[in-house]
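Reviewing the structure listed below.
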Amino acid sequence: MTRGKPGVLSIIVLTYNRKDMLRGCLDSLFSQTVPRENLEIIVVDDGSTDGTEGMMESISLSHPGLKYCRQTHKGIPATRNTGIVNASGGIIAIVADDYIMAPGYAETIIRFFQENPRAMVVRFKIIAAEEDFFSRVSHFYFDVSVRRRLSCEEILDEHWLEKLKRRWRRLSVIEEKITTQHDLEAAGGAAFKREVFQKVGLFDESLLRAEDTDMTRRLRAEGIPVYYYPYHRIRHRYGRRSVLDTVSKCFDTGRNGWSYHKKYSNGSVGSFRLILWGIMGKSGTLLSAFWRARQSSSVGEFLLYLPFMFLFEISNKIGFFWGFLISKKKSSG
């Protein structure tokens with residue numbers, strides 16, 4: 001990769017068949033407060049068939065500096081990589097098309113790296129953009145995971161019985177502050193200094209939904225911490241089909257979670273051991289659902305959220321087992 005232009009922030013927007021959401025995301029980026037010469041916006045279209053290409057041609061007429069890269073459908077990590085190799089900035093940020101950025105997003109990134117010259121990666125706080133029930137349910141599911149990782153609740157070498165006990169405890173209130181003491185991925189509108197990718201490489205295109213987890217693991221192996229900056233908030237739009245979309249994402253996360261596990265596993269995992277994981281370990285679906293719902297603020301919210309938490313958890317676990325079965329089939333075929 002080239003060195004990149006110092007003082008220029010490249011913002012990569014990932015999109016696929018969501019042109020209406022993309023339009024809102026771009027409107028928020030066109031409203032950024034930094035000088036135009038310090039900002040590069042790149043839209044990477046992962047083979048959309050909903051008219052995104054035509055919309056981008058129209059938008060480009062009034063925003064001639066906007067870059068549009070279209071590729072055949074390859075998945076999220078390949079879309080990220082296409083954006084990175086086409087970016088010219090010394091800092092590269094990656095956002096999804098369903099994000100709405102505040103006008104100070106770009107300015108916050110530039111200022112953060114100026115004030116923290118040793119930092120290489122920073123991510124931000126994600127909040128729900130809408131207040132409808134289904135958006136709140138979907139965001140609650142993901143937000144609980146963020147809160148748990150901020151509290152460093154997941155202890156990898158902990159006995160499975162202790163893990164089960166922790167599944168009923170409520171998370172303590174965490175002071176919001178800039179920190180590297182967490183287990184969060186380099187996602188959430190994250191921004192990277194360009195040399196990060198020169199050092200650890202691009203995203204693994206074989207991990208279609210665990211590529212950010214894999215990237216974060218490689219970053220930490222190189223001693224590169226991920227800074228969490230909670231004072232700038234990015235609004236996430238979940239859309240009208242938010243519950244169905246979350247079920248699909250949970251399934252895909254589980255399926256590719258198996259690929260991620262296989263990548264770093266020292267040996268093969270037998271069916272019996274996998275079933276034990278499903279019953280006693282992190283895959284305790286019902287208990288996980290209860291634990292997530294218990295993080296709600298009231299009994300009524302708990303009862304409302306619980307069925308959805310179970311639906312999301314079981315989708316994730318089915319995806320994981322599906323990934324395992326497909327892997328077994330391929331290895332025996």
Side-chain angles (χ1 to χ4, degrees), residues 8-89 91-107 109 124 126-132 134-135 138-139 187-191 203 205 208-209 211-212 233-246 248-249 252:
V8 174
L9 167 63
S10 296
I11 301 179
I12 299 166
V13 184
L14 314 177
T15 192
Y16 176 62
N17 280 343
R18 295 197 295 197
K19 68 175 184 177
D20 292 336
M21 285 194 170
L22 173 62
R23 176 80 233 204
C25 177
L26 288 176
D27 285 342
S28 73
L29 291 178
F30 295 148
S31 300
Q32 294 300 298
T33 56
V34 299
R36 190 65 189 88
E37 61 268 20
N38 296 122
L39 182 63
E40 176 183 59
I41 301 172
I42 306 169
V43 175
V44 186
D45 182 357
D46 191 29
S48 296
T49 57
D50 66 343
T52 293
E53 186 174 14
M55 184 188 76
M56 288 303 303
E57 289 176 356
S58 176
I59 293 175
S60 296
L61 295 176
S62 54
H63 298 276
L66 178 65
K67 285 187 179 181
Y68 176 59
C69 302
R70 180 175 170 84
Q71 63 183 30
T72 56
H73 184 54
K74 298 178 182 179
I76 296 173
T79 309
R80 290 177 183 265
N81 291 341
T82 297
I84 293 168
V85 298
N86 282 279
S88 63
I91 301 173
I92 299 173
I94 304 175
V95 302
D97 54 9
D98 53 3
Y99 283 1
I100 299 292
M101 270 59 63
Y105 172 67
E107 184 178 348
I109 291 173
F124 302 96
I126 305 297
I127 63 173
E130 301 99 348
E131 287 296 323
D132 63 280
F134 294 118
S135 292
S138 293
H139 182 72
F203 289 90
E205 297 185 10
L208 298 183
R209 282 209 71 87
E211 80 287 349
D212 50 1
R233 299 183 174 189
I234 297 173
R235 292 184 294 148
H236 181 195
R237 289 187 297 171
Y238 288 89
R240 291 171 296 179
R241 299 177 63 254
S242 60
V243 169
L244 293 177
D245 287 344
T246 301
S248 177
K249 287 178 182 178
D252 288 341

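Fair warning: this is a prediction, and the values are worked out from it, not measured in the lab.
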Of all the heavy-atom pairs spanning [X] and [Y], show the shortest one and how long it is.
{"X": "S10", "Y": "G89", "answer": "OG-N, 2.9 Å"}
{"X": "Y16", "Y": "D97", "answer": "N-OD2, 3.5 Å"}
{"X": "A191", "Y": "I91", "answer": "CB-CG2, 4.3 Å"}
{"X": "R237", "Y": "D20", "answer": "NH2-O, 4.0 Å"}

Could you check whether any side-chain N or O of [X] sits under 3.5 Å from a backbone N or O of [Y], counting only pairs where one atom can act as donor and the other as acceptor?
{"X": "S58", "Y": "G54", "value": "no"}
{"X": "S138", "Y": "S135", "value": "no"}
{"X": "E130", "Y": "Y238", "value": "yes"}
{"X": "S248", "Y": "L244", "value": "no"}

Counterpart residues, side chain to side chain donor-acceptor pair (under 3.5 Å), relative to [X] (two or more places apart):
{"X": "N86", "result": "none"}
{"X": "H73", "result": "D46"}
{"X": "T33", "result": "E107"}
{"X": "T82", "result": "Q71"}

Listed by chain and number, what are the side-chain contact (heavy atoms from CB on, under 4.5 Å) partners of D245, not counting sequence neighbours?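 Only R241 meet the side-chain contact (heavy atoms from CB on, under 4.5 Å) criterion with D245.
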
Hey, could you give me the [atom1]/[atom2] distance between [X] and [Y], rounded to the nearest 0.5 Å?
{"X": "T246", "Y": "K249", "atom1": "OG1", "atom2": "NZ", "value": "6.0 Å"}
{"X": "I127", "Y": "H139", "atom1": "CD1", "atom2": "NE2", "value": "7.5 Å"}
{"X": "L22", "Y": "I59", "atom1": "CG", "atom2": "CD1", "value": "6.0 Å"}
{"X": "F124", "Y": "I109", "atom1": "CZ", "atom2": "CD1", "value": "4.5 Å"}
{"X": "L39", "Y": "L9", "atom1": "CG", "atom2": "CG", "value": "5.5 Å"}
{"X": "L61", "Y": "M56", "atom1": "CG", "atom2": "CE", "value": "10.5 Å"}

Would E211 and L208 count as a side-chain contact (heavy atoms from CB on, under 4.5 Å) here? Give the steps. CA-CA 6 Å; E211 80 287 349; L208 298 183; over 6 Å; no

Do Y68 and E53 come within less than 4.5 Å of each other through their side chains, counting heavy atoms only? yes

Side-chain heavy atoms of N81 within contact of E205, under 4.5 Å: yes

Among L14, V13, V43, find the residue that satisfies the side chain to side chain contact (heavy atoms under 4.5 Å, CB included) test when tested with C25.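 Result for side chain to side chain contact (heavy atoms under 4.5 Å, CB included) with C25: V13.
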
More than 12 heavy atoms of other groups within 6.0 Å of E131 CD: no

Can you tell me if CZ on F134 sees more than 12 non-hydrogen neighbours from other groups inside 6.0 Å?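 No, because the 6.0 Å sphere around CZ of F134 holds 12 heavy atoms or fewer from other groups.
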
Given M55 and D50, is the side-chain contact (heavy atoms from CB on, under 4.5 Å) satisfied, shown in steps? CA-CA 10 Å; M55 184 188 76; D50 66 343; over 6 Å; no

Can you tell whether the side chains of K67 and E40 come within less than 4.0 Å, N to carboxylate O?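 Salt bridge between K67 and E40, a charged N being under 4.0 Å from a carboxylate O: yes.
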
Pair F30, I41 - check side-chain contact (heavy atoms from CB on, under 4.5 Å), show working. CA-CA 9 Å; F30 295 148; I41 301 172; 3.9 Å; yes

Please report, to 0.1 Å, the donor-acceptor pairs under 3.5 Å made by any side chain of residues 98-106, with sequence neighbours excluded.
from : atom 1 : to   : atom 2 : distance (Å)
D98  : OD2    : R18  : NH2    : 3.3
D98  : OD2    : H236 : NE2    : 2.9
Y105 : OH     : G189 : O      : 2.8

Chi angles and distances behind the side-chain contact (heavy atoms from CB on, under 4.5 Å) call for T52, R70: CA-CA 10 Å; T52 293; R70 180 175 170 84; 5.6 Å; no

